[in-house]
Visitor: 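Below is one structure. I have some questions about it.
Numbers restart at 1 for each chain; the letters A, B, ... are given by sequence-line order, proteins then strands. Quick note: numbers below take in every heavy atom, side chains included, and nothing from hydrogens, waters or symmetry partners.
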Protein chains: 2
Amino acid sequence: MTVTLKDIAERVGVTESTVSRVLNGVPKASKETCEKILKVAEELEYSPNQVARSLVKQKTHVIGLVISDIYNPYFAAVTGGIEEIASSYGYSLIISTTGGREKEELKYINVFKEKRVDGIIFMSGRMPDSCLTEIKNSNIPTVVVARKIDDSVPSIHIDNIKESYKAVEFLIKSGHQKIAMISGTFADVESGYNRFLGYKKALEDYDLPFCDNYIAEGDFKLASGIEGMRKILKTKELPTAVFAGSDAMAVGAIKAIKATGLQVPEDISVVGFDNNIISKACDPELTTVGQPAKSLGKKAMEMLYKVIEGENLAERSIYLPCEIIIRDSTRKIG
Amino acid sequence: MTVTLKDIAERVGVTESTVSRVLNGVPKASKETCEKILKVAEELEYSPNQVARSLVKQKTHVIGLVISDIYNPYFAAVTGGIEEIASSYGYSLIISTTGGREKEELKYINVFKEKRVDGIIFMSGRMPDSCLTEIKNSNIPTVVVARKIDDSVPSIHIDNIKESYKAVEFLIKSGHQKIAMISGTFADVESGYNRFLGYKKALEDYDLPFCDNYIAEGDFKLASGIEGMRKILKTKELPTAVFAGSDAMAVGAIKAIKATGLQVPEDISVVGFDNNIISKACDPELTTVGQPAKSLGKKAMEMLYKVIEGENLAERSIYLPCEIIIRDSTRKIG
DNA sequence: TCCCTCCGGTCAAACGTTTGTCTTAATTTG
DNA sequence: CAAATTAAGACAAACGTTTGACCGGAGGGA
């Protein structure tokens, strides 16, 4: 069926090794045979078998991506960035979604090992120790996205504490003093707890009181934003602004606020986090902390490539800055 | 470095073939050697080399996905469905994004050929003839999503004409007579032109006049929805409802309507298409035609699996129904 | 005893490449 | 003119599996 080097070799009357070299551009054949080989290869529609090639070269040109959830626009964007760069380097991308379940994560790391991928990008749940050790002693170059491990494995992040701090600072500088927060689940240290920490620190630095009634813990999703906001709206003294740990929760907050007859941003300003697609769909459009999702993916792949090539990483842990995107859900007061 | 069958064989004092059979559960070894082999394999942390295996078995357990754009939540959802089923069958998924560019599509089909994937799912642009023939004579099992070819290659769709018809019919039955449409680009026959066709047919069947001023052609994106709606709002006699060929355009329409001081749905009802994530983020929440995106992906992979296994497909072209999801952007009138 | 059948393996080919070493003839060099 | 170099290619091993064919011995039946 499928045509091999041997087929070409026979037709041309030469040996497989010669064909191989010619097709790979190794300059060792006469112009004549060279042309003949190329012509026959063309005629026979030769398609090199990469799996055979991988076997001997010990290189698959495949990289594996462990991701918790492709439906999440943020992850999708990171994935897109990864794919773009991977493809430009001649690598293919295998994706596997884990739902953040440790068992699945381990399973896929194992699949990647058996498939002899050249590298792994890990962007799933909490990166449990089991995965970490599994990855470490698999000896496969790995980059972790949005999850800080120790420096043994390179990673790329945003600085959640700092970016969250900046968002709250923005509100403070706009004149807000009573600022509530709807955080993501604290169990997610990076984007849940750390964003809360940034909020807290900003209040401290600007001598604003921290108030338990102004805090609601959600799960990053829209519904929990509604719920959280409802809780906050029960306090006697309403906040003038609320900062949410995700755009989805921010949109939920807006809905809850409007449902009580109050206005955004006239009565309460709202700031989100992510700058995903919904932040421009809601009404009013959301002021939010813009995560460089695609850039994270690109950078991650660039780092991974360097590791694969054996280059030294200048920094083993890179932070990309966010940009606060001001739209219509916030206003200056006072 | 990496441990092979040979390493195990030597340690146990047996030959590679025996080890291979034991590890694959072929019942041909004594209980004793069996245990020994398993034990040593465990100790050495043997990880079978799938690329070697693929070479001899002529099977990679990889399927390739050609997708135009992973950032689009609809494509992401389909991808998720595919991955879920693929993984349950023991297949891995390679993704490649093309931006709908023919050149990229051809490039990736070629990569997939060289990588000897077991199957291809195609969900990119217009599926140009070049790709079609390339796929056909590659002899790789293929399923096309959301793009009707001839019956030579299996495909899975929604019936855009019919579903769009149903949406407009819903409006008519809600008492609307003056219904505008913001369509996706006509160049995209399936989801652009066909949805327009369904709209037109519904008007005809219910003896409503078709009016050029009520038609705007967009590009599926939010901005074009705003623009299209603005154009429609310029007509002397305003419509009471507008049907958009995508949720994003519907959201744009809502924004444009609200910007003139009119209300949704009090003054104008709006219906979208897709049921993607933004349809629940906007205000009011969008009534829309719910595409079974994830199911499309699942079904596609199920079909592909059958083709790979050599089973006969009961139907080579499957249509999945949509469900109209009624939220707050529409109301009954009259 | 002879023949047959299992059992528990071994042997070797095959999958489709790459690549280091060897060969042969021709050409160059001194 | 002999020696050295080079050009163009052949040969074979290697990558890590799978799998059909073979094989020696033990046991069983006639």
Side-chain angles (χ1 to χ4, degrees), chain A residues 1-38 40-41 44-62 90 111-118 138-139, chain B residues 1-38 40-41 44-62 90 111-118 138-139:
Chain A
M1 300 296 126
T2 120
V3 13
T4 73
L5 288 184
K6 202 173 167 189
D7 299 319
I8 301 179
E10 281 171 3
R11 289 249 189 335
V12 177
V14 83
T15 182
E16 307 167 54
S17 44
T18 304
V19 179
S20 170
R21 290 194 234 259
V22 167
L23 260 27
N24 288 307
V26 180
K28 222 185 169 185
S30 71
K31 199 134 174 58
E32 217 177 345
T33 27
C34 211
E35 280 169 3
K36 254 204 233 163
I37 288 175
L38 290 172
V40 173
L44 265 42
E45 298 189 342
Y46 172 72
S47 167
N49 184 327
Q50 297 293 358
V51 3
R53 205 203 294 258
S54 290
L55 185 57
V56 23
K57 298 200 104 167
Q58 305 281 59
K59 189 146 176 43
T60 53
H61 281 276
V62 169
V111 169
F112 289 164
K113 260 168 72 175
E114 297 192 348
K115 282 222 170 3
R116 301 299 193 257
V117 299
D118 292 339
S138 79
N139 254 349
Chain B
M1 301 297 125
T2 121
V3 14
T4 72
L5 287 184
K6 201 171 166 192
D7 298 320
I8 301 178
E10 280 171 3
R11 290 252 189 331
V12 177
V14 84
T15 183
E16 305 168 58
S17 42
T18 304
V19 178
S20 170
R21 289 193 235 260
V22 167
L23 260 26
N24 287 306
V26 180
K28 220 186 169 186
S30 71
K31 199 132 174 57
E32 220 177 344
T33 26
C34 211
E35 280 169 2
K36 255 204 228 160
I37 290 175
L38 291 173
V40 174
L44 264 42
E45 297 188 343
Y46 172 70
S47 168
N49 185 327
Q50 298 293 356
V51 4
R53 207 205 291 261
S54 290
L55 184 57
V56 21
K57 299 199 105 168
Q58 302 281 59
K59 189 147 178 41
T60 53
H61 282 277
V62 169
V111 170
F112 289 163
K113 259 168 72 176
E114 296 191 347
K115 281 220 168 8
R116 301 297 194 259
V117 300
D118 292 338
S138 79
N139 253 349

Visitor: Using whole Å, what does the distance between atom C1' of nucleotide D:dG20 and atom NZ of B:Lys57 come to?
Guide: 14 Å

Visitor: Summarise how protein sits on nucleotides 4-9 of chain D as a single string, 5' to 3': B when a protein heavy atom is under 4.0 Å from the base, S for sugar-phosphate-only contact, - for no contact.
Guide: ----BB

Visitor: For the atom pair OG1 (B:Thr18) and CZ (B:Arg21), what is the distance rounded to the nearest 0.5 Å?
Guide: 6.5 Å

Visitor: A:Glu114 has an atom CD; how far is it from atom P of D:dT17, in whole Å?
Guide: 10 Å

Visitor: About how many Å separate CG of B:Asn139 and OG1 of A:Thr2, when rounded to the nearest 0.5 Å?
Guide: 10.5 Å

Visitor: Taking OP1 and OP2 of C:dT18, is either one under 4.0 Å from a side-chain nitrogen or oxygen of A:Gln58?
Guide: no

Visitor: How long is the line joining CD1 of B:Ile8 and C1' of C:dG9, in whole Å?
Guide: 17 Å

Visitor: Does A:Asn24 put a side-chain nitrogen or oxygen below 4.0 Å from OP1 or OP2 of C:dT18?
Guide: yes

Visitor: What's the CG-P distance between A:Asn49 and C:dA14, to the nearest Å?
Guide: 17 Å

Visitor: Rounded to the nearest angstrom, tell me the gap between atom NZ in A:Lys59 and atom C1' in D:dG16.
Guide: 19 Å

Visitor: Give, for atom CG of A:Asn49 and atom OG1 of A:Thr4, the distance between the pair rounded to the nearest 0.5 Å.
Guide: 9.5 Å

Visitor: So which of B:Glu114, B:Lys113, B:Arg116 actually passes side chain to side chain donor-acceptor pair (under 3.5 Å) with A:Ser47?
Guide: B:Arg116

Visitor: Classify the side chain of B:Ser54 and the base of C:dC15 as holding, or not holding, a donor-acceptor pair under 3.5 Å.
Guide: no

Visitor: What is the distance from CD of B:Glu16 to C1' of C:dT10, rounded to the nearest Å?
Guide: 11 Å

Visitor: If you count the non-hydrogen atoms of other residues, nucleotides and ligands that lie under 6.0 Å from NZ in B:Lys6, is the total more than 12?
Guide: no

Visitor: Hey, could you give me the CD/CD distance between B:Glu16 and B:Glu10, rounded to the nearest 0.5 Å?
Guide: 8.0 Å

Visitor: Looking for any heavy atom pair under 4.0 Å, which part of the strands does A:Thr4 touch: base, sugar-phosphate only, or nothing?
Guide: sugar-phosphate

Visitor: Should we say atom NZ of A:Lys115 is surrounded by more than 12 heavy atoms from elsewhere, each under 6.0 Å from it?
Guide: yes

Visitor: In whole angstrom, give the distance that lies between atom NZ of B:Lys6 and atom C1' of D:dT18.
Guide: 16 Å

Visitor: Find the distance between CD (B:Gln50) and NZ (B:Lys59) and round it off to the nearest 0.5 Å.
Guide: 11.5 Å

Visitor: Would you work out how much the helix from C:dT1-D:dA30 to C:dG30-D:dC1 bends between its ends, with each end axis defined by five base pairs, to 10 degrees?
Guide: 50°

Visitor: With the side chain of A:Ser17 defined as its heavy atoms from C-beta on, choose the nearest nucleotide among C:dT17, C:dT19, D:dT17.
Guide: C:dT19

Visitor: Could you state the atom-to-atom distance from CZ of A:Arg116 to P of D:dC15 in whole Å?
Guide: 13 Å

Visitor: Measuring from the side chain of B:Arg53 (C-beta onward, heavy atoms only), which nucleotide among D:dC11, D:dT17, D:dT19 has the closest atom?
Guide: D:dT17

Visitor: How long is the straight-line distance from NZ of A:Lys28 back to SG of A:Cys34, given to the nearest 0.5 Å?
Guide: 13.5 Å

